[in-house]
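Take a look at the structure set out below.
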Amino acid sequence: MSSRRQYPFHLIEPKWQQAWEQQQAFRAFNPGEEIPASHAFAQRHNLSGKADAAKLPPKFYILDMFPYPSGAGLHVGHPEGYTATDILARYRRACGFNVLHPMGWDSFGLPAEQYAVKTGQHPRVTTEANIANFTRQIKSLGFSYDWSREVATTDPEYFRWTQWIFLKLYNSYFDTGKNCARPISELIANRKPQIANESAESLRTFVDSKRLAYVSEAPVNWCPELGTVLANEEVIDGKSEVGGFPVIRRPMRQWMLRITAYAEKLLVDLDTIDWSDSLKEMQRNWIGRSEGAEVDFQVVGHAAKIRVFTTRPDTLFGATYMVLSPEHKLVEDICTWDYPAGTPKEWIVDEKMGPAIAADFFKLWLDLYQGKKAAVAARTAVEAYRGFAATKSDLERTELAKEKTGVFTGAYAINPVNGEKIPIWIADYVLASYGTGAIMAVPAHDERDFEFAKKFNLEIKPVVASPLPRVRDFGSPPDSMISVVADGKATPAFVWFDCFVGEGFSVNSVNTEVSLNGLPTAEAKNKITAWLEAKGLGKKTINYKLRDWLFSRQRYWGEPFPIVWKRDAGGNLFHEALPESALPLLPPALDDYKPTADGQPPLARAKDWLTLPDSSTRETNTMPQWAGSCWYYLRYLDAKNAQSFVGKEAENYWMGTAGRESRGESRGPDSAPASTLDPRLSTPGVDLYVGGTEHAVLHLLYARFWHKVLFDLGHVSTPEPFFKLVNQGLILGEDGQKMSKSRGNVVNPDDILAEFGADAFRLYEMFMGPLQDTKPWNTKGVEGVYRFLGRVWRLFVDEKSETAFEQAETTTEAQRHGELLDLIVMDGAIQEITATPAQLKTLHACIKKVTEDLDGMRFNTAISAMMVFVNEAMTWQSKPLPVMKTFLQLLAPFAPHLAEELWARLHGTFGQTASSLAYAPWPKFDPALLVENEIEIPVQVNGKLRDVLRVPADVDNVTLEAAAKSSEKVKPFLDGKTIRKVVVVPKKLVNIVAS
RNA sequence: GCCGGUGUGGCGAAAUGGCAGACGCACAGGACUUAAAAUCCUGGGACUGUAACAAGUCGUGCGGGUUCGAGUCCCGCCACCGGCACCA
């Protein structure tokens, strides 16, 4: 930009960044830590030496989601949240809190590994270079992080503890009686007396089936392109979240974490934390709790029973067939050899699946389809269908979902409520992994079953009447109108001719022992469930959509599992944990980072590393990127602790309520805030966590899960990690599109900083609009706030001295420019004088607005309030020193460099010693100063504005009404009308209703 | 399809049920300047009206409602954004 620089931010900003670093201005002190007497924090709070938790001021933990340090560097989206948290950190510090505001690196990740595969460059080298670049960029923004607490998930001293937590998971189980995680040792101790002389192998199998970290052979999401498996959460529409590559289902041996054991706690504890409704709702949906019943159906001519889960046990009388998922373990057992006579051809073949059937079966199947053959063995058809379903990728499943497929197994089951024989099918619209992997189909009251039943001509039997007639197919009469007796009254109800999925009244639901007829759905559910339980046919059950967390990846650049594999005397492979003393377990050095030729993870290439002297072999999978981010907020509390993942005292102080009792505080998350300036507003856990919505279910659910396990095992003191969470909105490009390299609309913070400085950048990011909103970037807008900072500068600085400074700059070599700042002299209009009432009013209105807006995180309106102050102050002939100082305190959280510079100079000018602005007590506003003598009262006639009256502030209603009625501007609107009513809102408004 | 969110000037936005559009951008006019940039001042929702004022009408996605009064509350739609999606 060729235009003149508004103020010398290029000198001011590095100057203060250096000063803060030298003074360690933003070091947060732990209980028991030595606090230097010279530190501004010590001086503010009269502390020095070692202070315990009770002596320290209340804590406030403000956390940013730490970034993945990509090669592309920071984009303008990152600093949005970071700026918001920095402003609040500085504000809270001024309010008297001990603020913890750390930063670190989520540095494991795929890009560094892919680069390594291509170039042979060790991922650590790339990662460290990226971290250095991110650090430089973040530091140039003047954020008040305590860098002494910096962590990187790739640091062995960090992932030592990630592995340690994994061992905790491995060595724990979920005790359903106590409803919490307990050490495996307790499980073994409880089992010993129950089963005498149990073999080691049997005990091991039992224990392994209970661990929170366990091995599973289940089908997984395999992404050939990425060469790794993915968690369900990482698969979007059958494609990988990263890169968008196809994902197929494939059985593999994998590590799983038993997050499902915590489904209920993860769900109900959402009510105890302050997150947005939409975010809580996303987590609730993901956990997907549903109440219903499990019911057993006897298979005809077979010992087996099929257990189904249903949320609508009230529709049991309408169950006309059953469906097992293709993978269901009973399929082989119950499937008959031949189909019963008279089985329709359509029940066996399906043109939709034709081409996708395995080749072996295709011909057979085709013959039948084309009528060349009269019959086919049921086993053959079932086998063909299972093959068809298994090879389908998730993507194909979604694509083919438009029309349901399935085949009849030849077997029948007995509907336990009415003894009817109903056919058993297999179909892939029933998922193996949800509920029991089998359903009772009620086509009259479930759209999927209905669709399936129509296609295969299965019986549709209505058992619930709708309270309303059909609205679709207007003009055609409802199937039949009946009368049900509910609550002793006859009520009309409508039995639809096709599918009604809502709640209504049961009909056609009676056997010799129980009748649901006439009951509303909720009551019918209870009644039939009670009957089933009494008969031993079923029971009330709760199911969750949440699945266990697939925790292993076939990658190099991740935490290795502290696990080895051994064989017992019988030759059975089993796993065993390494001792804690073996941590950190480092990944081996490799010169090739690709998976092995036979599809083993890259770690399998390191032959020396792989096999131990006792011939056991190491686990070659690594942990997913989520592992390190599950607990980093805890490591910040005590980042250098070599004995423990976090020290007890530190954890208690920063996360818990330690010290609070001794200060006589009892505030829980539910009680109302006492006052905006009350330094007792800290809460258990992280007080404020800011980050993007993209982590709504993944990171935030996983981290809550780990935290709860650590809580159960006594390692942390709160059940939830993040008390308040705010999602910052996306920043779009100037074209209103998502920023992306391919669109060429990416804004690089470095460029903005060079042209306008960090303070302007910070200010603009906050001025754009509400933090949570999605909003487009506009560089012109940066110029606007930059001009505002220029006005602030000129409000304080003598113009002539600045001209002198600028001239000197052109004639002095660049290295000495910093010294030239001393040529700047404060404006002579700033004097130690008493402020006028008008000036005080302007100031205190600003204090009030900025304070309240900071508490509500309304940064944009806080900034506009400061603009109003400056616009007003520009007109002042004389500028009282205290007023000007106070304004700088308000500005400081937003534009800390400029505020510090002016603060220091102002003190210098008046021969005062400037204590650090960062710890100067936050100003309080005096409501008495805001009282107006005269107020403006709008006068409406019939709700329309007709006049505005200036009246004394203490005006009473009678006077006000009289003044309104006699207004010259109002009178014409009352001419020829009768006044019906006059609404007087005291000191606010008058509305005359006339007609 | 289900869940959540958002719709206000040319643009970003602001408004405890009480003067819609604070603050800023862009724009226009003026001052300063030889000139420009920068800075400072002024203006502005739309329409009707007037020589110019005055004045009036309409205006917060659309349609209803509650209320003396609705951007704000209620009901029904529409559009866009985000999430979930055969979860029985």
Side-chain angles (χ1 to χ4, degrees), chain A residues 1-6 236-237 276-286 288-290 292 308-312 315 319 323 397-398 400-402 404 427-431 433-442 445-449 451-452 501 543-547 693-694 696-697 727 729-730 736 763-764 767-770 772-785 787-788 790-791 794 799 849 858 860-868 871 874 936-948 969 972 980-985 988-994:
Chain A
M1 190 167 78
S2 53
S3 65
R4 180 184 156 189
R5 201 177 269 126
Q6 289 274 349
I236 314 286
D237 291 337
S276 71
D277 289 340
S278 67
L279 192 63
K280 285 187 182 182
E281 213 38 45
M282 273 192 235
Q283 292 226 336
R284 286 194 192 105
N285 288 341
W286 194 264
R289 182 186 200 271
S290 59
V308 303
F309 173 72
T310 177
T311 53
R312 290 296 298 271
T315 62
V323 187
R397 277 200 186 206
T398 24
L400 295 170
K402 287 175 196 105
K404 298 199 168 12
D428 68 357
Y429 84 91
V430 173
L431 309 175
S433 48
Y434 182 76
T436 61
I439 62 156
M440 64 175 207
V442 186
H445 305 291
D446 181 286
E447 274 174 12
R448 297 151 300 177
D449 297 343
E451 199 189 313
F452 194 79
V501 297
N543 249 300
Y544 302 90
K545 279 202 281 187
L546 184 70
R547 310 287 157 77
T693 343
E694 64 272 22
V697 281
N727 289 122
L730 206 62
L763 215 55
Y764 176 64
F767 190 62
M768 290 168 81
Q772 291 90 337
D773 288 8
T774 299
K775 48 217 171 263
W777 180 268
N778 175 8
T779 300
K780 287 282 183 199
V782 190
E783 287 177 37
V785 292
R787 274 201 285 267
F788 162 68
R791 280 205 298 283
R794 291 190 294 277
E799 242 188 287
K849 182 79 178 139
R858 295 179 295 268
N860 53 334
T861 49
I863 292 166
S864 81
M866 290 189 287
M867 289 173 167
V868 170
N871 289 347
M874 291 292 271
E936 289 188 337
I937 301 288
V939 180
Q940 302 177 336
V941 177
N942 292 331
K944 283 187 180 138
L945 180 72
R946 296 304 175 189
D947 195 12
V948 177
K969 286 184 181 170
R980 301 282 171 203
K981 188 175 175 182
V982 180
V983 181
V984 181
V985 183
K988 266 277 164 63
L989 167 142
V990 181
N991 187 15
I992 302 169
V993 186

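In what follows, chains are A, B, ... by sequence order, proteins preceding strands, each numbered from 1. Computed from a predicted structure; not experimentally measured.
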Worksheet item: Are Y764(A) and N778(A) close enough, and set up right, to give a side chain to side chain donor-acceptor pair (under 3.5 Å), and what steps lead you there?
Response: CA-CA 9 Å; Y764(A) 176 64; N778(A) 175 8; 5.3 Å; no

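Separation of the C1' atoms belonging to rG45(B) and rC19(B) is 15 Å when rounded to the nearest angstrom. Look at the P atom in both rG71(B) and rG65(B): the space between them is 15 Å, to the nearest Å. With both ends at atom P, the span from rG7(B) to rU16(B) equals 14 Å, rounded to whole Å. Taking atom P in both rA15(B) and rC2(B), the straight-line distance is 33 Å, to the nearest Å. With C1' as the reference atom, rC40(B) and rC32(B) are 8 Å apart, rounded to whole Å. Spacing of C1' atoms, rU50(B) relative to rG64(B), comes out at 38 Å, to the nearest Å. Across the P atoms, rG76(B) and rA22(B) are found 35 Å apart, a figure rounded to whole Å.
Across all strands shown, G784(A) has heavy atoms under 4.0 Å from sugar-phosphate atoms exclusively, and none from any base. Residue N991(A) is in base contact, counting any heavy-atom pair closer than 4.0 Å across all strands shown. Among the atoms of the strands shown, only primed sugar atoms or phosphate atoms (P, OP1, OP2) are found under 4.0 Å from some heavy atom of R787(A). Here N860(A) lies in heavy-atom contact (under 4.0 Å) with sugar-phosphate atoms only. Across all strands, V993(A) comes closer than 4.0 Å only to sugar-phosphate atoms, never to a base (heavy-atom distances). Nucleic acid contact for T693(A): none, since no nucleic acid atom lies under 4.0 Å from a heavy atom of the residue. Among the atoms of the strands shown, only primed sugar atoms or phosphate atoms (P, OP1, OP2) are found under 4.0 Å from some heavy atom of S278(A). Among the atoms of the strands shown, base atoms are found under 4.0 Å from some heavy atom of R547(A).
Pair assignment for rC19(B): none, as no Watson-Crick or G-U wobble contacts are both less than 3.5 Å. In this structure, rA85(B) forms no base pair with any nucleotide, since neither Watson-Crick nor G-U wobble geometry is met with both distances under 3.5 Å. Searching all strands for a Watson-Crick or G-U wobble partner of rU60(B) with both distances below 3.5 Å returns nothing. Base pairing of rC11(B): its partner is rG24(B), meeting the Watson-Crick or G-U wobble criterion (both donor-acceptor distances under 3.5 Å).
The side chain of K775(A) lies closest to rA13(B), out of rA13(B), rC19(B), rG24(B).
Taking the six-membered ring where the residue is Trp, Y434(A) and F309(A) present perpendicular rings, their angle passing 60° and hence far from 30°.
Distance, I992(A) CD1 to rG18(B) C1': 15 Å, rounded to whole Å. Rounding to whole angstrom units, OH of residue Y429(A) and P of rA88(B) are separated by 13 Å. Here rU16(B) presents its P atom at 9 Å from CZ of R858(A), a figure rounded to the nearest Å.
Judged by distance alone with a 3.5 Å cut-off, no donor-acceptor contact links the side chain of K944(A) to the base of rU57(B). Applying the 3.5 Å distance criterion, the base of rC86(B) shares a donor-acceptor pair with the side chain of K404(A).
The closest donor-acceptor contact from the side chain of R946(A) to the backbone of P972(A) lies at 3.5 Å or more, if one exists at all.
Using a 4.5 Å cut-off on side-chain heavy atoms (C-beta onward), F452(A) and D446(A) make no contact.
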